[in-house]
There are 2 protein chains.
Amino acid sequence: MPFLGQTPIPSARDVVYSKLKSQILSLELPPGAALSEKESSLAFNVSRTPVRESFLRLAQEGLVQVLPQRGTFVSLIDPELVEEARFMREQLEKAVIRLACDSFPADKLAELRANLKEQRESMERKDDLRLFELDESYHRTLFEGCGKLNTWAVIQQMNAHLNRTRLLRLFSDHQWNHLYDQHERMADAIEAHDAALAESTMQEHLLLSVKDQVVLREKYPHYFI
Amino acid sequence: MPFLGQTPIPSARDVVYSKLKSQILSLELPPGAALSEKESSLAFNVSRTPVRESFLRLAQEGLVQVLPQRGTFVSLIDPELVEEARFMREQLEKAVIRLACDSFPADKLAELRANLKEQRESMERKDDLRLFELDESYHRTLFEGCGKLNTWAVIQQMNAHLNRTRLLRLFSDHQWNHLYDQHERMADAIEAHDAALAESTMQEHLLLSVKDQVVLREKYPHYFI
DNA sequence: ACTACCACACTTGTATGGTAGTATGGAACT
DNA sequence: AGTTCCATACTACCATACAAGTGTGGTAGT
C-alpha cells in the first residue's frame, strides 16, 4: 500500500523536462540552439520517448520550436511575446493586490513580513540567488492570500519568457534596495487598505524589469527574432 | 519541393488531440470518464504513441488527469479554477478595451462593425452556433486591434474550462439580444474614446456567463469536485 | 566551370513489445 | 460470514524498430 501523500517518484520525462527547461531559461542553451531527440536521449541516458515528450511540452510552452523532419530549436526571444507577458502580469498583479487591500488573511500577511525580514538578511549577505527566490515567494504569497493560486501558475508559465531576459539582473546592478522598498510599501498598503497606493507601487515594481530586455538585445542581437 | 506557405499536413497526434478536446468540451466525454491509450488508439485507428502524446497535452491544459499505472480520466470541473479563469479573463479584457479606447485601428473597427452586422443577421436566422463563433471572433478582433493576440491565445486556453459550463447557453435562453447590445455599446465606446463606459460594459458582459455554472452544477453534481 | 542528380546522413513521426505498478475478483483460510 | 491472499487483467511508462521527410555534399554529365 502506498504512503498517502507520498511524493510520486518523478518520471524520466519530468527529469528531462526540468533539466532542459532550466538550461533554456539560464541561456545555457541559447536561443536558436539545435536540439535533437537522439542526442538528448544519449546525454540523459534514457530512450527517445521521454525526451520527445519533454520536447513536446516545451514546445507547447513556446520555449522550443519543433519542425517536423527538420529539427527542434530553442525559440528565439520574441519581444512582442515578452511585452505581452509583462502586460498580462501587470494587469493580474494589480487586480490581485487591489483584492488584497480589501481583505487579506492575517497569517499570509505575517508570511509577507517574515519574507521581508529574510530579504533584509539576504541583502546583507549579498545573496542574490536567495533574493531572487524570495521575490518570487513574496508575489506567490500575495496570490495565495487572495485564493488565486491558479492565476499565479499561469503567470509563472508566462514568466518563462520574461525570465530569459530577467536573468541578466543577477549579473548587473540589481537595485535590490529599490525592490525591497517597494515590497515593504505594498505590505503596508495592504495592511492600511490603501488600494491606490498598492496598485501604483505594484506598477512601478513591475516596470523595473523592462530595461533588462533592452540590454540583452544590444548584447546578443541574434537571440531575438 | 514543398509549396511555400502550404498548410502542413496535420499529424495523427493533432487529429487525435482536436477530436478528444472537442469531445471533452462538448461533454460528450463527461467529467470523470475513463480514457485509455489502447482503447483510443483502436477508436482512432492509430498507434498508442500519438494518443499518448495527446493525453499529455490535454493533461497539461488541465482537461484530463493522468494517474501513472492507474489510468487517465477526464478532469472534474473545479469551480475554483473556473472562477479564476473568469477572473483572469475579466482583468485582461477590461485592460484591453481601455487600450482600445485610447487608440484602435480603423480597419479593425470596421471589422467589429461588420461582425455586428452579421450578428444581427444570425439572430434573425436563430443561428446560435454562428452567434457563438461571432462572439469569439468579436473579442478576438478587440485583442488583434490592440496588438495583443498572444494574450488572446492565453485566454482561449483558459476558456477551455469555462466553456464546459458555457455550452449550456446553447440549449437554454441565450439572451443574445442582451449580448448584442453590449457588443454594440462597446464598439461605440471605442469610437468615442469613452474608456469608462467600455470597461463597465465589458464587466457586465463577462458576468453573464457566471450563472451557467450554477445551473450545470445543480443538474450534474457529479461533474464537479 | 557549372548544373542536375542522387546517395546518404540526419531529423521527427509512428508502431509495437516489454516492464512495473495498480485494481479487482475469486479462492482459501479463519 | 468475514478476512486475507493471490492470480489476472488491466494501466501508463519506457525502449526500440521502422517509416518518411529534409538538407547536404559529392559525383557524373554537359
Side-chain angles (χ1 to χ4, degrees), chain A residues 1-21 24 29-76, chain B residues 1-21 24 29-76:
Chain A
M1 173 179 172
F3 292 101
L4 264 57
Q6 184 189 20
T7 4
I9 33 176
S11 63
R13 166 176 18 116
D14 295 334
V15 175
V16 173
Y17 165 78
S18 311
K19 209 78 176 167
L20 284 174
K21 182 166 179 175
I24 291 173
L29 283 173
L35 297 176
S36 128
E37 295 178 0
K38 180 144 193 192
E39 187 186 343
S40 294
S41 73
L42 292 176
F44 290 109
N45 258 309
V46 294
S47 79
R48 271 185 53 209
T49 303
V51 171
R52 172 178 173 76
E53 291 169 354
S54 299
F55 282 13
L56 290 175
R57 185 163 169 191
L58 291 168
Q60 197 179 344
E61 295 180 5
L63 291 176
V64 307
Q65 201 170 356
V66 177
L67 305 180
Q69 273 67 17
R70 254 179 284 190
T72 300
F73 305 88
V74 178
S75 297
L76 295 180
Chain B
M1 173 179 171
F3 291 103
L4 265 57
Q6 183 188 22
T7 22
I9 37 174
S11 64
R13 161 169 34 105
D14 295 335
V15 175
V16 172
Y17 165 78
S18 310
K19 213 76 173 170
L20 285 174
K21 182 166 180 176
I24 292 173
L29 283 172
L35 298 175
S36 120
E37 295 177 1
K38 184 157 191 178
E39 187 185 341
S40 294
S41 72
L42 293 175
F44 290 111
N45 260 307
V46 295
S47 78
R48 295 192 336 259
T49 303
V51 171
R52 172 180 172 75
E53 291 171 353
S54 299
F55 283 10
L56 290 175
R57 184 163 170 190
L58 291 168
Q60 196 180 344
E61 295 181 5
L63 291 177
V64 307
Q65 200 168 0
V66 177
L67 305 180
Q69 274 66 3
R70 254 179 283 188
T72 301
F73 306 88
V74 178
S75 296
L76 296 179

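A note on names: the letters A, B, ... follow the listed sequences, proteins ahead of strands, and every chain is numbered from 1.
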Base-pairing mate for D/dT30 - Watson-Crick or G-U, with both contacts under 3.5 Å: C/dA1
Sole residue of B/L20, B/L29, B/I24 in side-chain contact (heavy atoms from CB on, under 4.5 Å) with B/V64: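 Among B/L20, B/L29, B/I24, the one that satisfies the side-chain contact (heavy atoms from CB on, under 4.5 Å) with B/V64 is B/I24.
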Nearest-0.5 Å distance, CG of residue B/L42 to OG of residue B/S36: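 Reported value, rounded in 0.5 Å steps: 8.0 Å.
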Euclidean distance, atom CZ of residue A/F44 to atom C1' of D/dA15 [Å, nearest integer]: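 Atom-to-atom, A/F44 to D/dA15, this comes out as 17 Å.
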Protein proximity profile, nucleotides 10-16 of chain C - base contact B, sugar-phosphate-only contact S, no contact -, cut-off 4.0 Å on heavy atoms: -BBBBBB
Heavy-atom side-chain proximity of B/P31 to B/F73 below 4.5 angstrom: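 In short, these two side chains do not touch, never coming nearer than 4.5 Å.
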CD/B/Q60: more than 12 non-hydrogen atoms of other groups inside 6.0 Å: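 Above 12, so yes.
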side-chain contact (heavy atoms from CB on, under 4.5 Å) involving A/R13 - partner list, sequence neighbours excluded: A/S11, A/P50, A/E53, A/S54, B/R52, B/L56
